[in-house]
**Student:** 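Pasting a structure below so you can have a look.
Quick note on labels: first sequence line is chain A, next is B, and so on, each numbered from 1.
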Number of protein chains: 2
Amino acid sequence: MEPRPVPPGGRATLRDVARLADVSPKTVSRVVNGEPGVTEAKIAAVTAAIDKLGYRPNFTASSLRRANGRTATIGVVLEDVANPFSAALYRAMEDVAREHGVSILAGSVDEDPARERALISAFAGRQVDGLIVAPASTNQGYLNAEILAGTPVVFVDRAPAGVQVDAVLIDNRSGAREAVRHLIAHGHRTIGYVGDLRTIATARDRLQGYRDALADEAIRPRPEHIVEDRHTESAAEQAVHALLDLPEPPTALFTAQNLVTIGAIRALRARGRQHSIALVGFDDFPLADLLDPPVTVVAQDPSAMGRLAASLIFRRLDGGSWEPTIHPIPTRLIPRGSGEIRP
Amino acid sequence: MEPRPVPPGGRATLRDVARLADVSPKTVSRVVNGEPGVTEAKIAAVTAAIDKLGYRPNFTASSLRRANGRTATIGVVLEDVANPFSAALYRAMEDVAREHGVSILAGSVDEDPARERALISAFAGRQVDGLIVAPASTNQGYLNAEILAGTPVVFVDRAPAGVQVDAVLIDNRSGAREAVRHLIAHGHRTIGYVGDLRTIATARDRLQGYRDALADEAIRPRPEHIVEDRHTESAAEQAVHALLDLPEPPTALFTAQNLVTIGAIRALRARGRQHSIALVGFDDFPLADLLDPPVTVVAQDPSAMGRLAASLIFRRLDGGSWEPTIHPIPTRLIPRGSGEIRP
DNA sequence: CTGAAAGCGCTTACAG
DNA sequence: CTGAAAGCGCTTACAG
């Protein structure tokens with residue numbers, strides 16, 4: 001609580017400390033960085049001066065001069081931190097980064113390629129040691145300059161295009177196939193699909209998985225039962241209302257993203273059909289098990305994905321070298337009730 | 001996709017660009033920063049060299065030398081990004097920061113004061129232009145050095161102690177009082193309290209609000225109906241089981257935090273009591289309206305809180321000056337069903 | 001309109 | 001064990 005004698009309006013520098021302790025700047029640097037070969041007396045003098053001035057080393061300046069140029073900061077580009085999937089990814093990365101004494105610059109892109117580039121440009125300009133990206137763009141060739149310059153880049157959730165990098169991905173197609181197969185196994189032949197923007201590759205993969213599962217059982221997909229480009233809860237809700245208004249409505253729904261699933265549930269509830277129309281969602285979400293009926297989902301493991309993505313960055317920073325690889329993370333079907341409703 | 005002629009293993013510098021364009025570094029600097037007074041010819045030469053080298057300005061170095069020393073980066077210290085409350089706060093701050101061309105360094109403290117200090121130290125060492133903090137510590141006097149040095153600091157969700165800063169807060173006590181008053185108005189006289197760690201000031205405030213509401217109606221609080229220090233879902237779940245096992249169990253519950261509310265719901269479900277025991281939770285959470293019964297809550301507005309907190313930082317950075325103030329954000333009781341169950 | 005010199009806060013590479 | 005000089009990548013403050 002005692003006010004510290006900091007230079008008014010500015011912060012003390014290493015030179016201020018050196019002057020007060022009556023040593024050279026280099027000696028202060030040695031003390032600050034815990035380098036050996038400084039007498040106890042000088043260490044004490046420097047430490048006292050640091051305390052007195054409230055000196056805080058300028059890490060930014062030191063990394064500018066330091067041999068490896070590392071900033072102990074990585075950049076994380078997410079879809080939307082407010083979405084629990086992104087939030088879980090981020091939290092897992094943060095935990096790994098903390099173990100390495102590394103801070104995180106993060107931002108959300110909301111499916112906007114321009115925002116993705118702006119964030120990466122801002123992070124690269126701040127000399128991040130690595131980048132973890134869940135891309136919204138269709139091609140990330142612009143990252144090649146960074147990669148050539150030696151910055152490790154890892155993609156998460158979405159595959160790279162135009163660039164060779166490690167990627168932590170799930171198999172969206174087979175996950176979706178499993179979901180729809182589950183519905184078929186419970187007797188459904190007319191299954192509606194409601195999915196995210198078709199500009200998103202993972203959304204297209206999930207639709208393909210849906211088609212695969214139908215083809216497996218020689219069920220002809222009905223175009224009117226397939227609704228793409230639903231990115232929000234309310235857009236999905238409307239889509240489900242429309243599906244149920246069809247002359248031949250589906251008896252089951254596969255909803256290919258967490259917000260879409262929630263929108264679908266709202267529509268089913270509004271019609272009192274939640275116990276008569278089966279539902280399997282892609283992506284788990286908090287409280288899915290507490291709804292009535294509990295929601296069957298194909299769960300991803302965002303914590304595992306985030307941990308692995310961050311670990312890959314740090315392995316490369318620690319000198320690890322390997323060809324850029326796809327690192328698959330398995331999905332898991334969790335039957336809870338909504339997916340086991342029979343037609 | 002075409003590989004750029006970047007110096008192998010390193011990035012091009014402003015000097016590299018200057019050499020290639022055959023101008024002085026200062027001229028490159030002018031072009032990069034869009035300063036006026038450069039001939040079209042030189043601009044073209046510099047731009048071509050930048051493209052050829054894949055040059056990206058080192059923003060870190062420029063802010064070291066730049067007059068105001070700004071890094072266009074702020075630090076955000078949250079409770080836990082994976083909690084939807086923190087995630088919503090963060091997202092709102094991010095949106096404001098983006099409008100100002102500012103990046104965010106963020107981290108979670110998980111109620112650990114040491115982590116709080118470590119994060120702030122890391123962010124300050126990276127020369128952030130401002131700090132937004134949801135503190136876990138009981139005293140933040142250590143921030144005074146930063147504040148004296150001119151870094152704007154804003155607290156959010158939790159009040160400052162030992163330091164004079166702006167704070168964006170809700171009135172936890174009166175919010176809790178309103179919640180419990182609501183239960184009393186619906187006929188309850190024995191109301192259980194389940195709350196977060198008593199080390200958290202807002203948890204203590206909410207308990208006080210609970211006591212206030214009982215006192216208002218001259219209801220004697222029963223110590224055995226008050227359970228503190230429940231920080232996780234499962235801890236809260238256990239607590240509710242224990243409450244309902246009492247000889248005289250409460251007919252209603254006030255759960256003073258979002259995870260605690262969810263844990264309580266799990267316990268009520270497990271016993272099939274969700275329609276017979278009333279429940280009001282503090283903090284809204286996604287899907288609260290889709291549960292059965294829908295959950296009555298006292299809602300905070302984390303988006304409004306985050307936006308305001310970030311705006312305050314930028315107003316100060318833009319030269320605004322005022323005495324550090326508490327900025328109250330109202331809470332709102334949302335009756336949905338669980339809180340209107342009668343004894 | 002353009003550039004040479006100095007310096008932001010720190011570390012490197014030496015010398016003693 | 002200690003420090004003087006130079007330099008990280010850039011901008012400032014001048015001079016022309």
**Student:** May I ask which nucleotide in the shown strands pairs with dA13(C), Watson-Crick or G-U wobble, both distances under 3.5 Å?
**Tutor:**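 Answer to the pairing question: none, since dA13(C) forms no Watson-Crick or G-U pair.
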**Student:** Would you mind pulling out the nucleotide paired to dA4(D), Watson-Crick or G-U wobble, both distances under 3.5 Å?
**Tutor:**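 Across all strands, not a single nucleotide pairs with dA4(D).
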**Student:** What is the distance, rounded to the nearest whole Å, between atom CZ of R19(B) and atom C1' of dG9(D)?
**Tutor:**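 From R19(B) CZ to dG9(D) C1': 12 Å.
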**Student:** Which of the following nucleotides, dC10(C), dT12(C), dT12(D), is nearest to the side chain of K26(A)?
**Tutor:**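 Given the options dC10(C), dT12(C), dT12(D), the side chain of K26(A) is closest to dT12(C).
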**Student:** Would one find a side-chain N or O of S29(A) under 4.0 angstrom from OP1 or OP2 of dT11(C)?
**Tutor:**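 Answer yes for this pair, as a side-chain N or O of S29(A) is under 4.0 Å from OP1 or OP2.
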**Student:** Is it true that S63(B) and Q127(B) share a donor-acceptor pair across their side chains at a distance under 3.5 Å?
**Tutor:**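 Not at all, the side chains of Q127(B) and S63(B) share no donor-acceptor pair under 3.5 Å.
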**Student:** Which of the following nucleotides, dT12(C), dC8(D), dC10(D), is nearest to the side chain of L14(B)?
**Tutor:**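 Closest of the options to the side chain of L14(B): dC10(D).
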**Student:** Is it the case that the base of dG9(C) and the side chain of R11(A) share a donor-acceptor contact (distance under 3.5 Å, atom types as modelled)?
**Tutor:**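 Flag unset: no donor-acceptor pair detected.
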**Student:** Whether E35(B) and K42(B) form a salt bridge (side-chain N of Lys/Arg under 4.0 Å from carboxylate O of Asp/Glu) is what I want to check.
**Tutor:**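 No.
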**Student:** OP1, OP2 of dC10(C) versus side-chain N and O of T60(A): anything below 4.0 Å?
**Tutor:**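 Answer is no, no contact under 4.0 Å.
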**Student:** With nearest nucleotides of DNA chain D determined for R30(B) and Y55(B) from heavy-atom distances, which residue corresponds to the more 5′ nucleotide?
**Tutor:**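 The answer here is Y55(B).
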**Student:** Would R11(B) and T151(A) count as having a side-chain donor-acceptor pair, cut-off 3.5 Å?
**Tutor:**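 Short answer, yes.
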**Student:** Atom CG of N68(A) and atom C1' of dT11(C): how far apart are they, to the nearest Å?
**Tutor:**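 Rounded to the whole Å, the gap is 11 Å.
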**Student:** Would you mind telling me which residue lines up with the more 5' stretch of DNA chain C, T27(B) or R65(B), judged by nearest nucleotide?
**Tutor:**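 Nearest-nucleotide comparison on DNA chain C picks T27(B).
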**Student:** Measuring to OP1 and OP2 of dT11(C), would you say a side-chain N or O of N33(A) lies under 4.0 angstrom away?
**Tutor:**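 Yes, within the criterion.
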**Student:** For P57(B), report the nucleic acid contact type (base, sugar-phosphate, nothing); a contact means any heavy atom under 4.0 Å.
**Tutor:**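 P57(B): backbone/sugar contact only, no base atoms under 4.0 Å.
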**Student:** Using atom CZ of R15(A) as one end and atom C1' of dA4(D) as the other, report the distance to the nearest whole Å.
**Tutor:**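 Those two atoms, CZ and C1', are 12 Å apart.
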**Student:** Please determine whether the number of non-hydrogen atoms from other residues, nucleotides or ligands lying under 6.0 Å from atom CZ of R15(A) exceeds 12.
**Tutor:**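 Check fails, neighbour count at 12 or below.
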**Student:** Is R98(A) salt-bridged to D95(A), going by a charged N under 4.0 Å from an acidic O?
**Tutor:**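 Looking at R98(A) and D95(A), the cut-off is met.
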**Student:** Output the rounded distance in Å from CZ (R70(B)) to P (dT11(D)).
**Tutor:**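 Going from CZ in R70(B) over to P in dT11(D) covers 17 Å.
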**Student:** Can you check the L64(B) CG to dT11(C) C1' distance for me, whole Å?
**Tutor:**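 The answer, rounded to whole Å, is 13 Å.
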**Student:** Which of the following nucleotides, dC10(C), dT12(D), dG3(C), is nearest to the side chain of A67(B)?
**Tutor:**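 The nucleotide sitting nearest to the side chain is dT12(D).
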**Student:** Taking CZ from R66(B) and P from dG9(D), how many angstroms apart are they, rounded to a whole number?
**Tutor:**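 Roughly 17 Å, once rounded to whole Å.
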**Student:** Quick one: is T39(A) getting a side-chain N or O under 4.0 Å of the dT2(D) phosphate, OP1 or OP2?
**Tutor:**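 Affirmative; the distance criterion is met.
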**Student:** Please determine whether a side-chain nitrogen or oxygen atom of S62(B) lies at a distance below 4.0 Å from atom OP1 or OP2 of dC10(D).
**Tutor:**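 S62(B) to dC10(D) OP1/OP2: no side-chain N or O under 4.0 Å.
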